[in-house]
Amino acid sequence: MTKLSSGEKVFQSFVYVALILLGIVTLYPFWNAIVISFNAGADTARGDITLWPRVFTLDNYKLVFEDGRLTHAFLISVLRVLVGTTLSVALTSMLAYGLSKSKILFFKPYMFYCIFTMFFSGGLIPSFVLNKELHLNNTFWVLVIPSLISVYNMIIFRTFFRELPDGLEESARMDGCTNIGTFIRIVIPVSGPVFATLALFTAVYHWNDWFTAAIYINKMNLLPISSILQQILNSNLATEMLATQTGGNASAIDAVGKIQTVTSKSLSMATMLVASMPIILIYPFLQKYFVKGVLVGSIKG
C-alpha cells in the first residue's frame, strides 16, 4: 500500500469530513419528516421537533391507512408501476434491439426520428388534444401509453446490445432461432444488469409522476398516490381527510379513548413517507445491477 504524505492525509481527511457533512445535510430533511410523522400533530405545531418525536403517536399513519382515497391511490400507483414498467421496458428494448442492427432498411431515418423527439415535442396542448381524440383522458391508460417508449433508455439498451458478441446470435441462427427467438432466448438472459437498471429508472418515474394525472385525469378514483400527495401538500385535502375520518372533528380517538390531535402537517409527512417507502425498499435489491448496468450501457462503444 502506498504511504500517503502529510498533505494527502490532510486532503483525505477534508474530503471525508465534507462528505459526512453533505450526507447529514442531505438526509436530515428526510429524517425530520419521519420524526414529524410519528409525533402528535398538536405538539409538532409548537415547533422545535428535530431529532426525535416528543410525543410519539401512530395516529397519523392510522388516518393514512383508513382513508379510502389514499389506499385506492396506492393501488393505482402499484398497478401503474407494474403495467407501465413491464410494457415500457419490453417495447423500448425491442426497439433498441432492432436499431442496434445498423444494416436494417431506413436505419438512419429511424434514428433521426427517435433523436428528434428528445429535443422537440408538440407541447402540452397538442398532447392533451391528441390524448382526448384517442379517448385516453380520464382513463388508466393515459398514465401508461404516452410513456411506453423512452428514447433515452432506448439508446442505453442499443449501446449495450451492440457490444454483445456476434457469436451469440450466429449460434442461435444456426440452431434455427428467428430474430424474436434470439432476442428472447439469447439477448435478454445475458442483459440482466441493463434491464434491471432501466426497469428501476422507469418504475421510479411512474411512481413519482404526478403531473400526468394532474393534466389528463379529473376523476379521484384514477389518481395515483403521487397526485394525492401533491394535493395534500398544496391544498386543503389533508383537512378534508381529517374531517372525513373523525366525523368532522380535527382529532382521532384511539382504542382506550385517548385523544391525539392530528394536524395537516403531520398527516402530510405520514403520507409522504408511505408514498416514498416502496421505491426506497426496492432499490437495495437492484443496487448490485445499478452501477454495472449504467456503465456497460452508456460508456462502452
Side-chain angles (χ1 to χ4, degrees), residues 23-82 143 203-214 217 219-284:
I24 293 173
V25 171
T26 303
L27 293 176
Y28 176 74
F30 186 75
W31 175 253
N32 187 247
I34 295 175
V35 171
I36 292 175
S37 70
F38 282 106
N39 196 74
D43 183 73
T44 301
R46 293 168 48 199
D48 296 328
I49 301 295
T50 54
L51 297 178
W52 306 104
R54 196 160 48 210
V55 180
F56 183 83
T57 182
L58 294 176
D59 287 342
N60 300 312
Y61 288 95
K62 181 180 177 182
L63 288 183
V64 168
F65 289 108
E66 286 182 350
D67 190 278
R69 288 171 293 186
L70 286 176
T71 53
H72 184 78
F74 190 88
L75 294 177
I76 290 292
S77 289
V78 171
L79 183 61
R80 178 185 181 182
V81 168
L82 293 177
L143 302 174
V204 169
Y205 162 75
H206 279 296
W207 188 266
N208 291 334
D209 176 44
W210 61 269
F211 186 74
T212 301
I217 293 179
K219 295 181 180 179
M220 180 64 71
N221 64 336
L222 290 176
L223 293 179
I225 189 68
S226 56
S227 297
I228 296 292
L229 176 60
Q230 187 270 339
Q231 291 185 11
I232 290 175
L233 296 175
N234 296 283
S235 71
N236 294 322
L237 182 58
T239 304
E240 296 175 11
M241 290 169 57
L242 289 173
T244 300
Q245 291 295 326
T246 61
N249 299 316
S251 63
I253 304 177
D254 61 15
V256 296
K258 188 176 182 180
I259 298 179
Q260 292 276 0
T261 303
V262 179
T263 63
S264 298
K265 182 177 181 180
S266 62
L267 186 59
S268 299
M269 294 300 103
T271 306
M272 183 185 71
L273 265 295
V274 171
S276 304
M277 276 302 131
I279 294 299
I280 295 175
L281 294 176
I282 289 174
Y283 179 77

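Basis for what follows: all heavy atoms, side chains included, without hydrogens, waters or symmetry-related copies.
Separation of the W207 and F74 ring centroids falls under the 6.0 Å cut-off.
No donor-acceptor pair under 3.5 Å is formed between the side chain of N208 and the backbone N or O of S226. Between the side chain of N39 and the backbone N or O of F56, no donor-acceptor pair lies under 3.5 Å. In this structure, T271 contributes its side chain and L267 its backbone to a donor-acceptor pair below 3.5 Å. Formation of a donor-acceptor pair under 3.5 Å by the R69 side chain with backbone atoms of M220 is not found in this model.
In this structure the side chain of L79 never reaches within 4.5 angstrom of the side chain of L75, judged on heavy atoms. No side-chain heavy atom of I34 sits under 4.5 Å from any side-chain heavy atom of M269. With a 4.5 Å cut-off on side-chain heavy atoms, T212 and R80 count as touching. Side-chain contact between L70 and F65: absent, with no pair of heavy atoms (C-beta onward) separated by less than 4.5 Å. Residues W210 and L229 are not in side-chain contact: their nearest non-hydrogen atoms beyond the backbone lie 4.5 Å or more apart. Between I225 and I76, the closest side-chain pair of non-hydrogen atoms is not below 4.5 Å.
Closest approach of L143 to L222, counting heavy atoms only: CD1-O, 4.0 Å. In terms of heavy atoms, D209 sits closest to P224 at O-CG, 4.3 Å. When every heavy atom of P278 is checked against every heavy atom of A275, the shortest pair comes out as CD-O, 3.7 Å.
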Take W52 and V35 through the side chain to side chain contact (heavy atoms under 4.5 Å, CB included) test and state the conclusion after the steps. CA-CA 6 Å; W52 306 104; V35 171; 5.5 Å; no
Would H72 and L223 count as a side chain to side chain contact (heavy atoms under 4.5 Å, CB included) here? Give the steps. CA-CA 9 Å; H72 184 78; L223 293 179; over 6 Å; no
Run I280 and F30 through side chain to side chain contact (heavy atoms under 4.5 Å, CB included) and show every step you take. CA-CA 12 Å; I280 295 175; F30 186 75; 3.6 Å; yes
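No side-chain donor from either of N60 and S37 sits under 3.5 Å from a side-chain acceptor of the other.
Note that OG of S276 and CG of L281 are 10.5 Å apart. Values are rounded to the nearest 0.5 Å. The distance from atom CG of D59 to atom OG of S266, rounded to the nearest 0.5 Å, is 9.0 Å.
By the neighbour-count criterion of 12 heavy atoms within 6.0 Å, atom CZ of F211 is sparsely surrounded, having that number or fewer from other residues, nucleotides or ligands.
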